[in-house]
Asks: 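For reference, the structure I am asking about is given below.
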Number of protein chains: 2
Amino acid sequence: MTQPDLAVSTVIFALRGTSSENMVLSLPLVRRIRSPFEGTWALPGGPLGDEEDLAQAAGRNLRDTTGLEPRYLEQLYAFGQPDRSPDNRVVSIVYWALVGGDEFAATFDDENVQWFDADDLPTLAFDHALIVEYALWRLRNKLEYSRLAHGFLEPTFTLAQLRKVYEAVLKRRLDPGNFRRTVEASGQVVPTGERLAGTNHRPPQLYRFNTAQGLIDPDPLTIRTALTHPGVAS
Amino acid sequence: MTQPDLAVSTVIFALRGTSSENMVLSLPLVRRIRSPFEGTWALPGGPLGDEEDLAQAAGRNLRDTTGLEPRYLEQLYAFGQPDRSPDNRVVSIVYWALVGGDEFAATFDDENVQWFDADDLPTLAFDHALIVEYALWRLRNKLEYSRLAHGFLEPTFTLAQLRKVYEAVLKRRLDPGNFRRTVEASGQVVPTGERLAGTNHRPPQLYRFNTAQGLIDPDPLTIRTALTHPGVAS
DNA sequence: CAGACTTCGTGTCATCCTGACTTTTACCCC
DNA sequence: GGGGTAAAAGTCAGGATGACACGAAGTCTG
């Protein structure tokens, strides 16, 4: 039996939009510059380094190819169908990541790296369309039951901002009152005591994520290095 | 960068016990016959064949090393810490499987394959203790919200048998009446019309799994659209 | 065959959770 | 000071869940 090639790829999510209104879930793709699928859009990825674990490899490949810094990183699935690459056999261990909405500028100014709306993707290389579909399902599912919009927001935020993140990802309107009730009851979020100024109405309370409370459905290994809060993040 | 070795291993679960009473969650382990960790118990596993996909490799390795036939098989996680093996670097793609409680006889009559209680495991090779712990967490978690005891039972079964499976896995007593109500309402199970004879009391209705209804949280390769799940808050 | 015994299966009720909706509060702007 | 706006709190009905009671349908025993 010949040893297959091993690759580590990542589906990166961010919210693009005009300042917390009309936000769209988006992801960066890279154009392949070699055969097979030369010229086709694909997920960022690369090989596994000798001294890296899988999550480190995912983060490094992500940074190297897009210039982005992940705020949340989690393993998605290992894909290994024999025919998923026409040439060598490749087993891809795929991660998914969240980056902040302000990170678009950080993306390499390169025509070979572009952002696409999650609902309007181009034709993708290999089985990457299936992978993205599954990552989207996982993101929405996790947001539903973990009650945490990991990594999309700044260190402090209002509940309205948090709600709009949920609405953009889930593509569904949420009742502000009920949202407040469930999120506050969950304990995932704590008020900072400060208020957001500069609005033309009653200034809302600012909140931050409750770092004391662990995540639901954790990875078996602690990937919490990338999870430390956006403000303190490496 | 040198290509790491790729292995496919499986955590196999079954319920052992005196005929649906006093059941214990158990798993078979194999004794390693070569270095490293020679003589230590480990998860069954092996290499990936040239023409196999990952799930096929997991099933084949499982059969080859234990003689068991899985009734349910799902990918668990890919483990790739650089130091998880003292010699070559090994990336393990781990599956978890369920086999029926009548399969113990099928296990190879080999002192190098033995069943252990999930609560009373020996020292395991590599990081397999961590892997088993995570697989246990996943099994219990999945049983909680999918309300489906995949693969532990015969094709037809009574609701009391199904409930005892849940009780053994979750290590918690469940109310028979409430269990009946929720399971019947879920539509995961349908009555066959026949009854179980040979009891010393009122003969219970037999049921079978509703194959028409898909699984929750499917693998990406069997993903179905139109999955509905409960919302955060509306 | 009568009655005890066992588990199956159904029913009831209080409580909690959720979604839909209303009301009050606090600020900005003119 | 009044109107506009969104924050924040409150109200209410319906559905799901847990605790528990009770009748139903068999076997077993004297």
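Throughout, protein chains are lettered first and strands after them, A, B, ... in sequence-line order, and every chain is numbered starting at 1.
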Asks: Please list, chain by chain and in numerical order, all residues satisfying side-chain hydrogen bond (donor to acceptor under 3.5 Å, both in side chains) with B:Arg208, sequence neighbours excluded.
Replies: none
Asks: Which residues satisfy the side-chain hydrogen bond (donor to acceptor under 3.5 Å, both in side chains) test with B:Asn112, sequence neighbours excluded?
Replies: B:Arg31
Asks: Not counting sequence neighbours, list each pair that qualifies as a salt bridge (charged side-chain N to carboxylate O under 4.0 Å, His left out) and has a residue in residues 184-204 of chain A.
Replies: A:Arg180-A:Glu184
Asks: When the distance from CZ of B:Arg180 to C1' of C:dG11 is rounded to whole Å, what number comes out?
Replies: 13 Å
Asks: Scan nucleotides 25-30 of chain C nucleotide by nucleotide, 5' to 3', and note B when protein non-hydrogen atoms come under 4.0 Å of the base, S if they reach only the sugar-phosphate, - if neither.
Replies: BBBS--
Asks: With sequence neighbours left out, what residues match A:Thr158 under side chain to side chain contact (heavy atoms under 4.5 Å, CB included)?
Replies: A:Ala160, A:Gln161, A:Leu196, A:Pro204, A:Leu206
Asks: Can you name the side-chain hydrogen bond (donor to acceptor under 3.5 Å, both in side chains) partners of B:Thr65, sequence neighbours left out?
Replies: none
Asks: According to side chain to side chain contact (heavy atoms under 4.5 Å, CB included), who are the partners of A:Gln56, at least two apart in sequence or on a separate chain?
Replies: A:Glu52, A:Asp53
Asks: Excluding sequence neighbours, so at least two apart, what forms side-chain hydrogen bond (donor to acceptor under 3.5 Å, both in side chains) with A:Arg84?
Replies: A:Ser92, A:Asp127
Asks: Judged by each residue's nearest nucleotide on DNA chain D, which is more toward the 5′ side, B:Asn178 or A:Gly177?
Replies: A:Gly177
Asks: Give me the first and last nucleotide of DNA chain D, going 5' to 3', that has any atom under 4.0 Å from a heavy atom of chain A.
Replies: D:dG4 to D:dT11
Asks: Atom CD of B:Gln205 to atom P of C:dT7: distance rounded to whole Å?
Replies: 19 Å
Asks: May I have the distance from B:Arg181 (atom CZ) to C:dT10 (atom P), rounded to whole angstrom?
Replies: 13 Å
Asks: Is it true that the side chains of A:Glu74 and A:Tyr72 contain a donor and an acceptor less than 3.5 Å apart?
Replies: yes
Asks: Considering every strand and a 4.0 Å limit on heavy-atom distances, what is the contact class for B:Ala185: base, sugar-phosphate, or nothing?
Replies: nothing
Asks: Rounded to whole Å, how long is the line connecting atom CG of B:Leu206 with atom C1' of C:dC8?
Replies: 13 Å
